[in-house]
Amino acid sequence: MLQVNYIRENREKVLERLSVRHFKQVELVDEIIQIDDERRQTQTSLDNLSAIANASAKQIGELMRNGKKEEADAIKAETTANKDKIKHLSDQLSTIELQLHNLLVQLPNLPGPLVPSGITPEENEVVLTYGEPAVLHEQALPHWELTSKYDIIDFELGTKITGAGFPVYKGKGARLQRALINFFLDHATAEGYREMQVPHLVNEASGFGTGQLPDKEGQMYHSTVDNLYLIPTAEVPVTNLYRDVILKEEDLPIKNTAYTPCFRREAGSYGAHVRGLNRLHQFDKVEVVQVVHPDKSYQVLEEMSAYVQSLLKELGLHFRVLRLCGGDMGFTSAMTYDMEVWSAAQQRWLEVSSVSNFETYQANRLKLRYKGNTGKTQLAHTLNGSALALPRIVAAILENYQTPEGIRIPEALVKYTGFNLID
RNA sequence: GGAGAGUUGGCAGAGUGGUCGAUUGCGGCAGUCUUGAAAACUGUUGAGUGUAAUAGCUCCGGGGGUUCGAAUCCCUCACUCUCCGCCA
């Protein structure tokens with residue numbers, strides 16, 4: 001959520017930045033400013049009336065103590081009229097504040113200076129490409145055929161016990177999952193992230209804090225009796241650890257990592273590009289999250305991007321890095337890098353990580369602040385990234401490392417899997 | 001699930017309807033003392049809004065009510081703790 005005062009003071013810039021996203025409802029900006037004007041006027045009137053009421057009450061108290069009951073009663077009579085006005089104004093203020101809030105949550109984050117203007121994924125900027133596409137043998141298969149050929153992931157069994165998009169990992173397939181999780185967590189820890197285990201269900205306030213609620217309500221599984229949501233990503237619980245927190249400047253940066261399953265409803269997607277592991281309702285992911293000083297966030301974004309790339313390099317995968325254009329970026333992000341690995345059998349790029357700087361957008365919702373050395377509290381910047389999401393990494397490994405003898409395991413993973421071939 | 005107790009500033013913990021944004025202790029910060037530090041002493045120390053700066057206004061779990069006036073009384077919701085029951 002953007003700060004109203006920032007919008008007021010930087011109207012032109014806000015509009016200019018929103019155009020990078022090709023954001024349609026630009027009239028929101030002026031509506032916000034107008035409603036905020038109204039809010040301020042109402043607030044001022046209410047404050048003035050309250051001041052009078054407070055003074056009267058104090059006066060009455062004093063008179064009562066001195067036993068001057070008649071004088072007190074006289075003032076009481078006067079204050080009664082004020083009471084109605086105060087009640088009326090404060091009702092009005094609540095309505096205005098609600099309106100303002102409802103408008104504010106409709107405004108996406110402002111793209112950072114490097115973000116290319118654009119709408120479609122084709123307008124994303126390819127920042128770099130690493131490695132070469134794997135050369136496969138003639139009988140090479142897409143991963144959804146490999147998984148059943150080697151009996152390592154069972155989609156039908158998952159459908160039986162739950163539904164489509166909830167695979168069952170078996171034998172070496174299950175072991176590969178566990179190996180990847182440990183591999184990612186070990187690397188994150190070595191990179192200075194603190195490993196956390198967090199709840200997989202979150203309350204409404206947490207959903208709001210990171211921006212999933214109210215607009216993306218339908219994308220999360222919702223336990224209505226308890227009003228709890230299954231997390232779509234560890235970003236939600238891990239970032240919300242710092243909701244309503246005022247940190248000390250020297251506590252920054254905060255670097256946390258967590259492995260969690262992720263649950264996404266993603267209703268209404270069917271077809272070849274969501275086959276197999278490409279899109280699931282439940283999947284595993286290791287996430288890295290940072291809370292940093294505002295001056296550092298873009299530097300940290302580069303560091304996080306480089307870190308994710310180092311994982312992909314170690315796994316020997318051919319990948320590219322995209323800087324998302326304004327229109328393709330998430331609602332809450334100021335700048336995002338997507339990492340895509342090459343799927344040799346599907347002949348397409350698969351997104352395996354998304355690293356974003358949210359600047360103060362989440363922090364403002366979370367009331368996540370730090371107290372600077374000057375003694376002034378201000379909003380911190382938050383960032384997060386997948387490091388990494390498992391299913392598409394597994395898909396890429398299966399496809400790119402397949403041989404007529406079986407699927408080889410990338411060298412760096414062997415000490416985690418305990419085997420070097422799936423056959 | 002049943003019964004009871006509670007929710008106050010970074011933490012602990014007071015608070016009779018009126019001068020309580022809130023006693024006090026600890027912690028933090030600054031100073032005195034000291035070669036330096038500790039101890040001791042003194043001062044200072046919540047968050048927001050608003051202003052040129054003051055002032056003013058809001059906040060004692062959330063919401064509502066009573067009252068001229070609510071941290072304090074009433075209603076309601078949420079959460080926490082204790083005991084009992086059930087249970088990995």
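Keep in mind that the numbers below use all heavy atoms, side chains included, and drop hydrogens, waters and symmetry copies. Here is the naming used below: chain letters follow the sequence lines, and residue numbers restart at 1 for every chain.
For the C1' atoms, the distance from B/A14 to B/U24 is 7 Å, rounded to whole Å. Using atom P as the reference point in both B/G21 and B/G56, the two lie 11 Å apart (nearest Å). Distance check on atom C1': B/G64 versus B/C41 gives 50 Å, rounded to whole Å. Nucleotides B/A22 and B/A70 are separated by 13 Å at their C1' atoms, to the nearest Å. Distance noted for atom P between B/G18 and B/G13: 25 Å (whole Å). B/A39 sits 9 Å from B/G28 when the P atoms are compared, rounded to a whole Å. Here the separation of B/G9 from B/G15, taken at their P atoms, is 16 Å to the nearest Å. Taking atom P in both B/U19 and B/U76, one finds a spacing of 29 Å when rounded to whole Å.
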Polar-atom pairs under 3.5 Å, protein N or O versus N or O of nucleotides 61-65 of chain B: list them with distances, or write none.
| from | atom 1 | to | atom 2 | distance (Å) |
| --- | --- | --- | --- | --- |
| B/G65 | OP1 | A/Lys87 | NZ | 3.1 |

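Nucleotide B/C29 holds its C1' atom 12 Å from the CD atom of A/Glu250, rounded to whole Å. B/U80 atom P lies 11 Å from atom CG of A/Asn203, rounded to whole Å. Between the P atom of B/A70 and the NZ atom of A/Lys58 lies a distance of 13 Å, rounded to the nearest Å. The separation between A/Ile246 atom CD1 and B/C11 atom C1' is 15 Å, rounded to whole Å. At whole-Å resolution of the value, CD in A/Glu97 and C1' in B/U49 are 10 Å apart. Across the protein-nucleic acid pair, A/Ile86 atom CD1 and B/C68 atom C1' stand 11 Å apart, rounded to whole Å. The CG-P distance, from A/Leu93 to B/U49, rounds to 14 Å in whole Å. Between A/Leu89 atom CG and B/C57 atom C1' the separation is 13 Å, expressed in whole Å.
In this model, the phosphate group of B/A47 is approached by a side-chain N or O of A/Lys371 to a distance below 4.0 Å at OP1 or OP2.
A/Tyr361 is linked by a ring-ring contact (aromatic ring centres under 6.0 Å, His included) to nothing, counting only residues two or more places apart in sequence or in another chain. Judged as a ring-ring contact (aromatic ring centres under 6.0 Å, His included), and not counting sequence neighbours, A/His200 has no contacts. Considering only residues two or more places apart in sequence or on other chains, A/Asp295 meets the side chain to side chain contact (heavy atoms under 4.5 Å, CB included) condition with A/His293. The side chain to side chain contact (heavy atoms under 4.5 Å, CB included) search around A/Lys248 returns A/Glu250, A/Asp251, not counting sequence neighbours. Taking the side chain to side chain contact (heavy atoms under 4.5 Å, CB included) definition, one finds that A/Ala395 meets it with A/His143, A/Leu277, A/Leu350, sequence neighbours left out.
In terms of position along RNA chain B, the nucleotide closest to A/Asn5 lies nearer the 5' end than the nucleotide closest to the other residue of the pair A/Thr79 and A/Asn5.
Applying the ring pair (Phe, Tyr, Trp, His ring centres under 6.0 Å) definition to pairs two or more places apart or across chains, none involves residues 66-88 of chain A. Residue pairs meeting the ring pair (Phe, Tyr, Trp, His ring centres under 6.0 Å) criterion with at least one partner in residues 98-117 of chain A, sequence neighbours excluded, are A/His101-A/Phe208. Sorted by first and then second residue, the ring pair (Phe, Tyr, Trp, His ring centres under 6.0 Å) pairs involving residues 151-177 of chain A (not counting sequence neighbours) are A/Phe166-A/His281. The ring pair (Phe, Tyr, Trp, His ring centres under 6.0 Å) pairs that include a residue from residues 39-75 of chain A number zero, where partners must be two or more places apart or lie in different chains.
For CD of A/Glu123, the number of neighbouring non-hydrogen atoms (other residues, nucleotides, ligands) closer than 6.0 Å is greater than 12.
Ring pair A/Tyr193/A/Tyr307 is tilted by interplanar angle, where 30° to 60° counts as tilted.
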Pairing annotation in dot-bracket form, given for RNA chain B with Watson-Crick or G-U pairs under 3.5 Å and | for cross-strand partners:
((((((((.[[[..)..(.....]]]((((((.......))))))((((......)))).[[[[[..)....]]]]])))))))....
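One N or O on the side chain of A/Ser386 and one on the backbone of A/Ser354 form a donor-acceptor pair closer than 3.5 Å.
Across all strands, A/Ile75 comes closer than 4.0 Å to no nucleic acid atom at all (heavy-atom distances).
Under a 4.0 Å N-O distance rule, the pair A/Asp36/A/Arg39 qualifies as a salt bridge.
Across residues 37-56 of chain A, A/Arg40, A/Asp47, A/Ser50, A/Ala51, A/Asn54 each have a non-hydrogen atom less than 4.0 Å from an atom of RNA chain B (numbered order).
When each of B/U67, B/G18, B/A47 is scored by its nearest atom to the side-chain atoms of A/Lys83, the top-ranked nucleotide is B/U67.
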